[in-house]
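Below: one structure, written as structure tokens.
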There are 2 protein chains.
Amino acid sequence: MSERGRPRTFDRTAALRRAMEVFWARGYEGASMSELTAAMGINSPSLYAAFGSKEALFLEATDFYSHTEGADIWLALEEAPTARQAIEQFLSLTARAYAQSDRPQGCLITLGALHQDSSRGAICDDLRRRRAENHTALQKRLERGVAEGELPADFDASAAATFFATVQHGMSIQARDGASHNALLATVAGAMAAWRTLAGGSAA
Amino acid sequence: MSERGRPRTFDRTAALRRAMEVFWARGYEGASMSELTAAMGINSPSLYAAFGSKEALFLEATDFYSHTEGADIWLALEEAPTARQAIEQFLSLTARAYAQSDRPQGCLITLGALHQDSSRGAICDDLRRRRAENHTALQKRLERGVAEGELPADFDASAAATFFATVQHGMSIQARDGASHNALLATVAGAMAAWRTLAGGSAA
DNA sequence: TCTTTTCTGTGTTGATCGATACATAATTAA
DNA sequence: TTAATTATGTATCGATCAACACAGAAAAGA
């Protein structure tokens, strides 16, 4: 218990959540420190004392995002009984999450920092790493489907994971354009329409 | 011929192309005026005299992009003999264009300005309008397939257009993550795997 | 109580943002 | 030649950026 000194007067986790929402709506470079401090309800020295820098705050915010907003989607992927249901749940939950009107549309990991820059290299690299982890999770789940006999032995789990991950990325932009939940489900239906062909045998 | 006054010493179209490349790589807000003027080989007063403002320059650059980089993809969509070939060409040409190593990866229209802001409303709206036009072009081509008997009468051209447009959007992010041409073609194959199911009858 | 430690609010830092003022150069029209 | 017009280069504008100096306030340990 290192409770020496004057105690913090704000809730660090609540402030982090506010920061996450600002980054989510504006992106890394679009979120100014003044907007962040205003949303977090603190002054900038408090922010720097608690989080270090804008970059460190963003990295912590994306981690928080992964453990809160993104958790159920990836949990469903693991827990669904079949690979097909896993992908369908994964995409359906994505559609629901991306269209919620009480928060920014689309995904922070996908949209947070797309444009590389000498001063933003670490940010881009971190998000890219998280997206790569997502691809790996999809691939592993599909490979489990092969191992369990649900999918044929020559099923290309990596290519299929790439496809479904790309669909999810596209849904972020679709959601940013104001797509409704139903419109996103149309994309999910399209992606799942590929399942029969992909799972049927060797890829065309 | 209004050739009064001192003539311009730089090629306006060449400078516009350079500006397009900077916006393409950095996004609207990530492209600074100093980077733009450096790439265009002119000083900032010349830029403002020739293009008006950063915002006007961006709008002109995206229009230039549509008429150059994006032209062949949408031309192929119209000219392919069947709707299926049209979509396949559309996606395959997208895969080729997005992975070219001698220019920024992905699409300027898709990635140029995703985060709304009070000061960037016109930019976002313009790109959103262009993306909506793309969706319309896909839908029209699919509806032609219905009219020509290639696709069933109950084919949902709007939903299918949404799906294929979303896949293309996702490919922009995939390309930004460094995906190879072959990796993008895996996504194309996935999307085309949905064709048989979508074209087969009523959507599931 | 007194020292140490940590947090908070005010005010400000140098750098960079997008955008111009101004004087000069280069061209056409008269 | 002269006046009118437009482009160029230098040097900056006020605003905003991320980040911090500093003094006072609030807690713990002695």
Side-chain angles (χ1 to χ4, degrees), chain A residues 1-16 18-20 22-23 25-61 112-113 115 117-124 126, chain B residues 1-16 18-20 22-23 25-61 112-113 115 117-124 126:
Chain A
M1 305 298 186
S2 61
E3 295 186 2
R4 291 283 298 262
R6 178 174 177 174
R8 190 175 282 129
T9 58
F10 63 93
D11 183 334
R12 192 180 187 280
T13 302
L16 180 59
R18 297 296 185 85
M20 174 196 74
V22 173
F23 282 129
R26 303 281 190 220
Y28 177 72
E29 56 189 352
S32 69
M33 293 303 295
S34 59
E35 188 174 9
L36 285 165
T37 54
M40 298 165 84
I42 59 177
N43 295 109
S44 95
S46 297
L47 188 154
Y48 281 92
F51 299 99
S53 67
K54 183 184 179 185
E55 186 170 307
L57 176 61
F58 181 83
L59 295 176
E60 202 168 333
H115 305 289
D117 188 317
S118 57
S119 67
R120 287 188 294 273
I123 299 296
C124 280
D126 183 72
Chain B
M1 305 297 185
S2 59
E3 295 187 3
R4 292 281 298 261
R6 179 175 176 173
R8 189 175 283 127
T9 57
F10 64 92
D11 183 334
R12 192 180 187 279
T13 302
L16 180 59
R18 297 297 185 85
M20 175 195 75
V22 173
F23 282 129
R26 303 283 190 217
Y28 176 72
E29 57 188 352
S32 69
M33 292 304 295
S34 59
E35 188 174 9
L36 285 165
T37 53
M40 298 164 83
I42 59 178
N43 294 111
S44 101
S46 296
L47 189 156
Y48 281 91
F51 299 100
S53 67
K54 184 186 179 185
E55 187 170 307
L57 176 62
F58 181 83
L59 296 176
E60 202 168 333
H115 305 288
D117 188 315
S118 56
S119 68
R120 285 189 295 273
I123 299 296
C124 281
D126 183 73

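Letters A, B, ... are given to chains in the order of the sequence lines, protein chains preceding strands, and every chain is numbered from 1.
In this structure, B:Lys54 NZ and B:Ile123 CD1 are separated by 8.5 Å, a value rounded to the nearest 0.5 Å.
Between A:Ile123 atom CD1 and D:dA18 atom P there is a gap of 12 Å when expressed in whole angstrom units. The separation between B:Arg26 atom CZ and C:dC17 atom P is 12 Å, rounded to whole Å. Atom C1' of nucleotide D:dA26 and atom CZ of A:Arg4 are separated by 13 Å, given to the nearest angstrom. If you take CZ of A:Phe51 and P of C:dC7, they are 12 Å apart, rounded to a whole angstrom. Atom CG of A:Leu57 and atom P of D:dA18 are 11 Å apart (whole Å). With rounding to whole Å, B:Lys54 atom NZ is found 8 Å from C:dA19 atom P. Rounding to whole angstrom units, CG of residue A:Asp117 and P of C:dT16 are separated by 12 Å. Nucleotide D:dT10 holds its P atom 16 Å from the CG atom of B:Leu47, rounded to whole Å.
An OP1 or OP2 oxygen of C:dT8 is reached within less than 4.0 angstrom by a side-chain nitrogen or oxygen of A:Thr9. A:Tyr48 has no side-chain polar atom (N or O) that falls below the 4.0 Å cut-off from OP1 or OP2 of D:dC20.
Non-hydrogen atoms lying under 4.0 Å from DNA chain D are contributed by A:Met33, A:Ser34, A:Ser44, all within residues 33-44 of chain A.
When each of B:Gly52 and A:Pro7 is assigned the nucleotide of DNA chain C with its nearest heavy atom, A:Pro7 is the one assigned upstream, toward the 5' end. Nearer to the 5' terminus of DNA chain D, by closest-nucleotide assignment, is the contact made by B:Ser46 (compared with the other of A:Ala31 and B:Ser46). Where A:Ser32 and B:Arg8 meet DNA chain D, the nucleotide closest to each residue was compared, and B:Arg8 sits on the side nearer the 5' end.
Considering every non-hydrogen atom in both B:Ala113 and B:Cys124, the closest pair reads O-SG, 3.5 Å. Taking both residues in full, the closest heavy atoms of B:Phe51 and B:Ala56 are given as O-CB, 3.2 Å, listed atom of the first, atom of the second, then distance. Here the closest non-hydrogen pair linking A:Ser46 and A:Phe10 is CB-CE2, 4.1 Å.
Using a 4.0 Å heavy-atom criterion, one finds that B:Pro45 contacts the bases of the nucleic acid, with or without backbone contacts as well.
Evaluation of the salt bridge (charged side-chain N to carboxylate O under 4.0 Å, His left out) rule for A:Glu35 yields A:Arg26 as partners, not counting sequence neighbours.
Ring-plane geometry between A:Phe23 and A:Phe58 is classed as perpendicular, the angle between the planes exceeding 60 degrees on a 0 to 90 degree scale with a lower cut at 30.
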Exercise. Show the numbers, then the answer: is there a side-chain contact (heavy atoms from CB on, under 4.5 Å) between B:Met40 and B:Leu57?
Key: CA-CA 12 Å; B:Met40 298 164 83; B:Leu57 176 62; 4.2 Å; yes
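With hydrogens and angles ignored, a donor-acceptor pair under 3.5 angstrom links the side chain of A:Arg6 to the base of D:dA25.
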